[in-house]
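These notes are about the structure you will find just below.
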Amino acid sequence: MSEPSGGNPAVWNDVDDYLSALLAPEDEALTAALRDAEEAGLPPIGVSATAGKLLRLLAETRGARNILEIGTLAGYSTIWLARALPADGRLVTLEYEERHAAIARRNLARAGLDRIVEVRVGPALESLPKLADEHPPPFDLVFIDADKANNAHYVEWALRLTSAGSLIVVDNVVRGGRVTDAGSDAPDVRGTRAALELIASHPRLAGTALQTVGVKGHDGFALARVLA
């Protein structure tokens, strides 16, 4: 995560702490997931509590029964998303690292969600074609939070695996403000800009993006709705 580009990070953090405690309080399963991730030395790049609550609300508002997550890490965001599903719902989450996936599986089992969540291991661009070959029901929500260089490819796959009315959320699209640098050679910036430009130009997508500040620094996310 890049350092904040301006403003007062101490105030941002205080506001996030206030909002999280009031509107997105964490239970033992969520706090344990964060604790396990920290103890295992995983990078602190998961979503904030308020962002996790937003993901859950988006899924609930959509009436999601099937969710796809690209980028699992320790399963913190997965828990938020899976809690929006009915008992017979399904969440498939793709994780590159086997060690991360093992931690996520333990966290999901502790949260009582292992029956509706499947963690698949391997490069997402290899897992996604295999998933498509299974002809799953359209995913109602896709959350993209993996390697940023491939963001546009992930959006393209999300389009193939969704239907009209589905939502696509792409996390970390501001890159500490670096997303505005059209001449950047950084893979994360180039990949993120390509994804945003795809959302802006694709005839089957209507989307927007918001920048945020808080415990995750200067960041933001994109939200797109799949059209008919």
Do V142 and I67 have side chains that approach each other closer than 4.5 Å (heavy atoms only, starting at C-beta)? no
I'd like to check L128 versus Y154 (side-chain heavy atoms, cut-off strictly below 4.5 Å). Are they in contact? yes
Count I, L, V, M, F, W, Y as connected when their side-chain heavy atoms are under 4.5 Å apart, and connections chain through other members. Are L205 and F143 then in the same cluster? no
Specify the closest pair of heavy atoms between V174 and D219, including all atoms of both residues, with the distance to one decimal. CG2-O, 3.2 Å
Given salt bridge (Lys or Arg N to Asp or Glu O under 4.0 Å), test R56 with E60 step by step and report yes or no. CA-CA 6 Å; R56 177 173 179 171; E60 289 174 338; 2.9 Å; yes
In terms of heavy-atom contacts, K216 and I45 come closest through NZ-C, 4.2 Å
Determine all donor-acceptor pairs shorter than 3.5 Å in which one atom belongs to a side chain in residues 220-228; sequence neighbours excluded.
none

Can you list everything that forms a salt bridge (charged side-chain N to carboxylate O under 4.0 Å, His left out) with D88? Sequence neighbours excluded, please. R65
Heavy-atom pair of closest approach, residues A29 and A111: CB-CB, 3.8 Å
I'd like to check V169 versus I144 (side-chain heavy atoms, cut-off strictly below 4.5 Å). Are they in contact? no
Check salt bridge (charged side-chain N to carboxylate O under 4.0 Å, His left out) between D27 and all other residues, then give those that pass, not counting sequence neighbours. R83
Please answer whether the main-chain N or O of A51 pairs with a side-chain N or O of S48 as donor and acceptor at a distance below 3.5 Å. yes
Smallest heavy-atom separation, T78 atom then E69 atom, equals OG1-OE1, 2.6 Å
Output the distance between atom CG (L73) and atom CD (E97), rounded to the nearest 0.5 Å. 10.0 Å
Walk me through whether R105 and E95 qualify under side chain to side chain contact (heavy atoms under 4.5 Å, CB included). CA-CA 11 Å; R105 290 189 182 103; E95 173 53 46; over 6 Å; no
Name the atoms and distances for all side-chain donor-acceptor pairs under 3.5 Å in residues 112-119, with sequence neighbours left out.
unit_1	atom_1	unit_2	atom_2	d
E118	OE1	R90	NH2	3.4
E118	OE1	R120	NH2	3.4
E118	OE2	R120	NE	2.9

Restricting to pairs with a member in residues 45-54, which pass salt bridge (charged side-chain N to carboxylate O under 4.0 Å, His left out), not counting sequence neighbours? none
Not counting sequence neighbours, which residues clear salt bridge (charged side-chain N to carboxylate O under 4.0 Å, His left out) with E39? List them please. none
Pair T192-R178, side chain to side chain contact (heavy atoms under 4.5 Å, CB included): steps then yes or no: CA-CA 10 Å; T192 298; R178 294 183 297 119; over 6 Å; no
Any link between V170 and L58 through a network of hydrophobic side chains (Ile, Leu, Val, Met, Phe, Trp, Tyr) touching at under 4.5 Å? no
Quick one: CG on L55 to OH on Y76, what's the gap to the nearest 0.5 Å? 10.5 Å
Any P138 side-chain heavy atom under 4.5 Å of N66 side chain: no
For G214 against N13, the heavy-atom pair lying closest together: O-OD1, 3.3 Å
To the nearest 0.5 Å, what is the distance between CG on L198 and CG on L159? 6.5 Å
Those residues at least two apart in sequence (or on a different chain) that pass side-chain contact (heavy atoms from CB on, under 4.5 Å) with S184 are D181, A186, V189
Could you pull out all residues at least two apart from R62 that satisfy salt bridge (charged side-chain N to carboxylate O under 4.0 Å, His left out)? D140
Quick check for you: to the nearest 0.5 Å, what is the distance between S77 atom OG and L81 atom CG? 6.0 Å
Between Y96 and E126, a side-chain donor and acceptor under 3.5 Å: no
For A82 versus L91, what's the shortest heavy-atom pair and its separation? N-CD1, 3.7 Å
Under a single-linkage definition using a 4.5 Å side-chain heavy-atom cutoff for Ile, Leu, Val, Met, Phe, Trp and Tyr, are W12 and V47 assigned to the same hydrophobic cluster? no
Do the side chains of W157 and L125 get nearer than 4.5 Å, heavy atoms only? yes
Within a strict 4.5 Å, meaning less than it, do heavy atoms of the V15 and L19 side chains meet? yes
With sequence neighbours excluded, what pairs up with A40 under the side-chain contact (heavy atoms from CB on, under 4.5 Å) test? L42, R99, I103
Please name all residues satisfying side-chain contact (heavy atoms from CB on, under 4.5 Å) with E197, sequence neighbours left out, ordered by chain then number. R193
For D145, what residues pass the side chain to side chain donor-acceptor pair (under 3.5 Å) criterion, not counting sequence neighbours? K148
Please say yes or no: joined through hydrophobic side-chain contacts below 4.5 Å, possibly via intermediate residues, are L210 and L141 part of one cluster? yes
Please check if any side-chain donor atom of N150 sits under 3.5 Å from a side-chain acceptor atom of D147, or the reverse. yes
With sequence neighbours left out, write down each residue that passes side-chain contact (heavy atoms from CB on, under 4.5 Å) with S20, or none if nothing qualifies. A49, T50
Applying the 4.5 Å side-chain criterion to the ILVMFWY set and letting contacts propagate, would F139 and I70 be lumped into a single cluster? yes
Are there more than 12 heavy atoms of other residues, nucleotides or ligands under 6.0 Å from atom CD of E38? no
Donor-acceptor side-chain pairing of T31 and E26 below 3.5 angstrom: no
